[in-house]
> 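Following this message is one structure expressed as C-alpha cells.
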Amino acid sequence: MNKEIRQRADKVIASTYNRFPVVLTHGKGCNLYDADGKRYIDFLAGIAVCNLGHAHPRVCEALKKQADILFHVSNLFYTMPQVELAEKLIQHSFADRVFFCNSGAEANEACIKLARKFFHDKGESNRFRIVSMKQSFHGRTMGTLSATGQDKIRVGFEPVLGGFDFVPFNDIQAVRNAITPDTCAVMLEPVQGEGGVRCPEADYLRSVREICDEAGILLIFDEIQTGIGRTGKWFAYEHSGVKPDIMSLAKALGNGLPIGAMLATERTAKAFTPGAHASTFGGTPLITAAALEVLKVIEEENIVESCRRTGGYFREKLFLLKEKYSIIRDVRGIGLLLGMELTIPGKPIVDQCLENGFIINCIQDHVLRFVPPLIISREEIDLLVTCLDTILGSIQMKSARSF
Ligand SMILES: *Cc1c(COP(=O)(O)O)cnc(C)c1O
C-alpha cells in the first residue's frame with residue numbers, strides 16, 4: 001500500500017521535497033503509524049511542531065468544538081479565541097501586541113516589514129537594512145529567503161530582496177562592524193535550528209542587545225523553532241535574560257495547525273497602523289481556539305519544565321555515545337532541540353533508524369537533529385539511544401576493518 005501511494009504522489013506532487021519512502025496514516029502521542037501498519041517513535045515531531053504529540057485529546061476536542069460554531073470571519077471583526085490567544089502569548093513573553101498569520105515565513109515577513117515601517121514613521125526611510133546571520137534560516141518567501149544566510153536557499157531565485165548584511169553567528173565584533181546609519185535591525189535565531197543546532201555563546205545575545213541599544217536599532221528574534229517550550233523555557237531568549245523588540249513564532253504554536261505570529265513591544269508595534277499589514281486567514285477562530293488549548297495544556301501539565309528535565313537526560317545519553325564513537329564530532333543543543341554532528345554523512349543513519357522504527361532527520365548533511373514531542377518519555381529516549389548505539393557500532397566496526 002505504501003508503494004502504490006508513493007508512486008501516485010511522485011506523479012502529481014511538486015517535487016520540492018526528498019521524502020522518506022513511508023506513507024503515514026495516523027498517530028497517537030509520540031507514535032506514528034504507516035499505511036502498512038508499522039509503528040514509529042517520532043523524534044522529529046513534524047519538524048519541531050507537534051510538541052504535545054499527535055492526536056492530543058484536548059487539542060482535538062477544542063478544534064472540533066470550534067469547528068461546529070465558527071471557522072472564519074476575516075479580521076474585519078473581533079473574535080474571542082484570537083483575543084484570548086494573544087493575551088496568553090503576552091502573559092508569557094516580553095510582548096505587548098500580537099499579529100497573527102499562517103506560517104513561519106509570514107511571521108518573519110511581518111517582522112521585516114515592521115522594522116522598516118518603524119523607522120519610516122520616524123522619518124528615517126534610509127534605515128531599512130537588516131543585519132542577519134550566516135547559516136540562519138528564516139523561510140522560503142522572497143523576503144525571508146533574502147534574510148536567510150545560506151546560499152543554497154537563494155540560488156536560482158536572484159535577484160533577492162536587498163538590504164540584508166550577513167555576519168557569522170557568535171561574532172560580536174562582526175555585528176558591530178556591520179551596523180551602518182542605514183541599519184534598522186539585527187535579526188537572529190537565539191539557537192540556529194536548520195543551520196545545524198548552533199547555540200549562542202555566553203553573553204552573545206546580551207552583547208547584541210547592547211549594540212542595538214547603542215545604535216538605536218531594533219532586535220528581532222526568530223523563535224519559530226525555539227519558541228513554545230522547545231528549549232526548556234517558554235522562549236529561548238529567557239535563557240539569556242535578553243528581550244527582543246520583535247519576535248516571530250510559528251511551528252509549535254498550533255501543534256500542527258497552520259499558525260504564525262509576530263509579537264512586539266508597544267513602542268515598536270505602533271508602526272503597524274490600519275492598512276499597513278494584513279492576512280485574510282491570520283488568527284481565524286478555528287485555529288486560534290486550538291492554539292489556545294495547546295498553550296493551556298502546556299501550562300497545566302508543566303510541559304516546559306518536563307522538557308527541560310527530559311532534554312537534560314537525552315543530552316547526557318547522547319554525550320555517552322560521543323565518548324564511545326569517534327565518528328561523533330559534537331553533541332549540542334538545549335532542551336529538546338538537540339543535534340549530533342558526525343564526521344560522516346548522516347543520511348544512512350537516518351534511514352537505518354527509520355527501518356528500526358525511529359523517525360529522526362539530518363540537517364546540513366552531517367548533523368542528526370532530535371526534536372521529539374516535548375512529552376517524549378525516558379523509556380522512548382532509551383530505545384532510540386540503544387538503536388543509535390547499534391548503528392554507530394556497526395559503522396565504526398566497518399571503518400575499522402577497512403584500515
Ligand atoms: C521553520 C522555520 C521558519 C519557516 O517557517 P515556515 O512555516 O516553514 O514558513 C523560519 N524560521 C525558523 C527558525 C524556522 O525553523
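Whatever order the structure lists them in is the order used to number ligands and atoms, beginning at 1. Quick note: numbers below take in every heavy atom, side chains included, and nothing from hydrogens, waters or symmetry partners.
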> What do you think, any protein heavy atom under 4.0 angstrom from atom 7 (O) of ligand 1?
yes
> Where is the nearest protein heavy atom to atom 3 (C) of ligand 1: which residue, which atom, and how far?
F137 CE2, 3.6 Å
> Which protein heavy atom lies closest to atom 14 (C) of ligand 1, and at what distance to 0.1 Å?
K251 NZ, 2.9 Å
> Once you measure the plane-to-plane angle for F43 and F358, does it fall in the parallel (<30°), tilted (30-60°) or perpendicular (>60°) bin?
tilted
> Is the ring pair H92/W234 parallel, tilted or perpendicular, if the boundaries are 30 and 60 degrees?
parallel
> When you compare ligand 1 with I224, is there at least one nitrogen or oxygen pair between them that comes in under 3.5 angstrom?
no
> Please report the closest heavy-atom contact between E380 and C30, naming both atoms and the distance.
OE2-CB, 3.7 Å
> Show the nearest heavy-atom pair for residues L85 and A291, with the distance to one decimal.
CD2-CB, 3.8 Å
> Are any of the N or O atoms of A250 closer than 3.5 Å to those of ligand 1?
no
> Specify the protein heavy atom at minimum distance from atom 11 (N) of ligand 1: its residue, its atom name, and the distance to 0.1 Å.
D222 OD2, 2.8 Å
> Are any of the N or O atoms of Q225 closer than 3.5 Å to those of ligand 1?
yes
> Polar contacts were defined as any N/O atom of the residue lying under 3.5 Å from an N/O atom of the ligand; does this apply to A105 and ligand 1?
yes
> Check each of Q364, Q135, E194, K134 against Q150 using the side chain to side chain donor-acceptor pair (under 3.5 Å) test, and report the only one that passes.
Q364
> Answer yes or no: is there an ion pair linking R198 with E189, defined by an N-O contact shorter than 4.0 Å?
no
> Among all protein non-hydrogen atoms, which one is nearest to atom 5 (O) of ligand 1, and what is the separation to 0.1 Å?
G104 CA, 3.3 Å
